[in-house]
Protein chains: 2
Amino acid sequence: MRREVTLRDVAELAGVSSRTVSNVVNGYANVTERTRERVQRAVEELGYRPNVLARNLAQGRSGQIAVVVPYLDTPYFSELLQSVIRAARVGGYNVLIDQTDGDPEHERAFIADGSRRLLFDGVIFSPLGLDQQALTDRDPTLPLVILGERSSDGFFDHVGIDDVAASRQATEHLLDMGRQRIAAIGDQPYATGEAAQRRTRGFCDAHKGRGLTPQEDLIIQTPRFNRIDGAQAMNHLLDLPEPPDAVFCYSDLVALGAIRSIVSRGLRIPEDIAVIGYDDIEDGSYSNPTVTTISPDKEWIATTAVERLLLRIASDTPPPGLELRAPHRLIVRESTAGRTPDAR
Amino acid sequence: MRREVTLRDVAELAGVSSRTVSNVVNGYANVTERTRERVQRAVEELGYRPNVLARNLAQGRSGQIAVVVPYLDTPYFSELLQSVIRAARVGGYNVLIDQTDGDPEHERAFIADGSRRLLFDGVIFSPLGLDQQALTDRDPTLPLVILGERSSDGFFDHVGIDDVAASRQATEHLLDMGRQRIAAIGDQPYATGEAAQRRTRGFCDAHKGRGLTPQEDLIIQTPRFNRIDGAQAMNHLLDLPEPPDAVFCYSDLVALGAIRSIVSRGLRIPEDIAVIGYDDIEDGSYSNPTVTTISPDKEWIATTAVERLLLRIASDTPPPGLELRAPHRLIVRESTAGRTPDAR
DNA sequence: GTGAAAGCGCTAACAA
DNA sequence: TTGTTAGCGCTTTCAC
């Protein structure tokens, strides 16, 4: 490759020191208009462009943040990432994205004392395979914001909606529609299933709040929150001697899978079975039927996460870890309300 | 931040030169077993970890590749990205992802002589707003692989399926089902719509091959390939005095939008109107009805793109730009074949 | 097989 | 306001 034009070359041509050129290039400090112009001209004449790698080393920062999610092709994450990238760009940061496939080792590599540490100035992380303990054993110098699962240990920020309240609200909506046998799909009663457990709790709370008892056998566990999980769980439910008349799904993908199963059997939604989802992904507003769902404010989550992370990066004494509650709301669509006469 | 442990510190403790430590750390060259061990111990004792930033500068490479797509939340891209990340990881590369929102300026910034040039060793790029000309005015030193749209100018590789053939095949499938009035949704008759135009060509070729003439007024243009575009275009078609009995959609999202419109009007798929899509995204196999589609081999595309890019990065004399044809196949589902008796 | 030392190109403390 | 210069921490040529 051709020899690169360096700061020194520019300095020489412009007849100034490299320090001055650096100042001009970075828009720093006080530089005489005359000098600035002279430098500018030299820059253009030589086609100089700063070497990011050198700058990174000298500054000890990379100008990049990493966003780590379990699966990129989960619509919830890809929709969220979109907003994260935009927010980071505004803050002058590039975004390095990685997916972990939920592999604990891979996840740990990101937040532990690793050789990649300096590659990013901070990490926004949506863990899946790591339990709370593993989150605590991390590089303490790494600015970190956690999304979704888990809760803050006081040393990082955590951004997410109130799962318990949201799930309770979803379940109450089904109860309000007069449903009697409500199933839940997505429970994960083990260390890494915190988020799922919070949803189950909300589900039970809603029942208890009305003096009802949730039926154990209608709470179905799934390893993940994908379409296939929803389809399988729903098939199981439909095979019961007395199938449910409503289902609360822990994600919209699960709901879409469940809907597929229901429709395949020739049953009607919501007449025979009402379905509600979680996440408000775009698919849910175009499917047949469209899906009633809990809609977390993704824009708020993304913006807040980036904001807090940049703050952490900028501070030399790390701010206290916050528990940040994103707004959410219930969006009622066909899967519980039925087709409205003039739907289009 | 605490003072970092450097190579020199390790060398001092181990009583060797920094050169030797570097050799050990990188698994280079010939180092005596004894020396290696001594160094290894020092590394552990001090908790040394190499500084990626310094290494990058010294080597003049970043160990990162960028993947640039128009929209991250388009399932086709997020599914593809997933495979790209995996393939890159195997090759020892990190993936920096960016989305351009189809903005030509933003796109140009990535392939032009920019200050971010050194941040990635190569780029896999799926352009949307740039025409062929703009692609040619790029940093000639940048290893580049283009996905999807456009064709190679001989200086970069292009990976994609044969759009004309695939579209022809899709259309012929509809003709084979006895459809008479076939519409096409997604044409883009302007400079940046090459891919769309190739699909339109295939659509027309299929008709001509059977001695038929495609009807101009059934070829609908859309600005993008999203659900909303499909829904709107379909509504328009349904308002025609004589609506089509089949639609070829230029993406699965368009198909899903179209399906939504059709179902909303109480029409049946495929009895009244058959629908075929393009891309084979997961949604299409869980929707009601499931979507017949053209399925590009995404794994092949991702693997090949990464492979070629790494090859380009490694070569000092750039290899010739190749036009690489990914395999594709037609997947027949309910939107053209109807519900099979024992569907589940 | 190992050591010495010269970069890589930029930033920023210190001086002038 | 501008110049001088010492790093940033690693790689790598060249000599031993």
Quick test: give all pairs of protein nitrogen or oxygen and nucleotides 14-16 of chain D nitrogen or oxygen below 3.5 Å, distance rounded to 0.1 Å.
none

**OP:** Grab the CG-C1' distance between B:L118 and C:dC10 for me, whole Å please.
**Re:** 12 Å

Original post:
Rounded to the Å, how far apart are B:N56 CG and C:dC8 P?
Top reply: 16 Å

Original post:
Any salt bridge (Lys or Arg N to Asp or Glu O under 4.0 Å) pairs touching residues 81-94 of chain B, not counting sequence neighbours?
Top reply: A:D98-B:R89, A:D101-B:R86

Subject >> DNA chain D: 5'-proximal contact among A:L57 and A:T20 (nearest heavy atom) >> reply: A:T20

Original post:
Given atom CG of A:N23 and atom P of D:dT4, what is their separation to the nearest angstrom?
Top reply: 14 Å

Subject >> Whichever of A:R8 and B:R38 has its nearest DNA chain C nucleotide further upstream toward 5' >> reply: B:R38

Original post:
Which part of the nucleic acid does A:N26 contact within heavy-atom distance under 4.0 Å: base, sugar-phosphate only, or nothing?
Top reply: sugar-phosphate

Original post:
Who pairs with A:Y76 by ring-ring contact (aromatic ring centres under 6.0 Å, His included), at least two apart in sequence or on another chain?
Top reply: none

Subject >> Minimum side-chain heavy-atom gap A:I313-A:I65 below 4.5 Å >> reply: yes

Original post:
What integer distance in Å separates B:N51:CG from D:dG7:C1'?
Top reply: 13 Å

Original post:
OP1, OP2 of C:dT2 versus side-chain N and O of B:T35: anything below 4.0 Å?
Top reply: yes

**OP:** Taking side-chain hydrogen bond (donor to acceptor under 3.5 Å, both in side chains) as the test, write out the residues that go with B:T304, two or more places apart.
**Re:** none

Original post:
Within a radius of less than 6.0 Å around OH of B:Y190, do more than 12 heavy atoms belonging to other residues, nucleotides or ligands occur?
Top reply: yes

Original post:
What residues form a side-chain hydrogen bond (donor to acceptor under 3.5 Å, both in side chains) with A:N26, not counting sequence neighbours?
Top reply: A:S22, A:R55

Subject >> Presence of B:T32 side-chain N/O under 4.0 Å of C:dG1 phosphate oxygens OP1/OP2 >> reply: no

**OP:** Apply side-chain hydrogen bond (donor to acceptor under 3.5 Å, both in side chains) to A:Q99 and list each qualifying residue two or more places apart in sequence or on a separate chain.
**Re:** none

Original post:
To the nearest angstrom, how far is A:R61 atom CZ from C:dC10 atom P?
Top reply: 16 Å

Original post:
Between C:dC10, C:dG3, D:dT11, which one does the side chain of B:L7 approach most closely?
Top reply: D:dT11

Subject >> Spacing between A:D9 atom CG and C:dG9 atom P, to the nearest angstrom >> reply: 9 Å

Original post:
Between C:dA4, D:dT1, C:dA12, which nucleotide has the shortest distance from any of its atoms to the side chain of B:S17?
Top reply: C:dA4

Original post:
A:E12 CD to D:dG3 P: how many Å, rounded?
Top reply: 13 Å

Original post:
From the list D:dG7, C:dA12, D:dC10, which nucleotide is the closest neighbour of the side chain of A:A58?
Top reply: D:dG7

Subject >> Partner set under side-chain hydrogen bond (donor to acceptor under 3.5 Å, both in side chains) for B:E323, not counting sequence neighbours >> reply: B:H158

**OP:** Would you please name every residue forming a salt bridge (Lys or Arg N to Asp or Glu O under 4.0 Å) with B:E307, sequence neighbours left out?
**Re:** none

Original post:
Does NZ or CZ of B:R138 lie under 6.0 Å from the centre of the six-membered ring of B:F125, at an angle within 45° of the ring axis?
Top reply: no

Original post:
Nearest-Å distance, CD (A:Q59) to P (C:dG9)?
Top reply: 17 Å

**OP:** Note the angle between the end axes of the helix from C:dG1-D:dC16 to C:dA16-D:dT1, five pairs defining each, rounded to 10 degrees.
**Re:** 30°

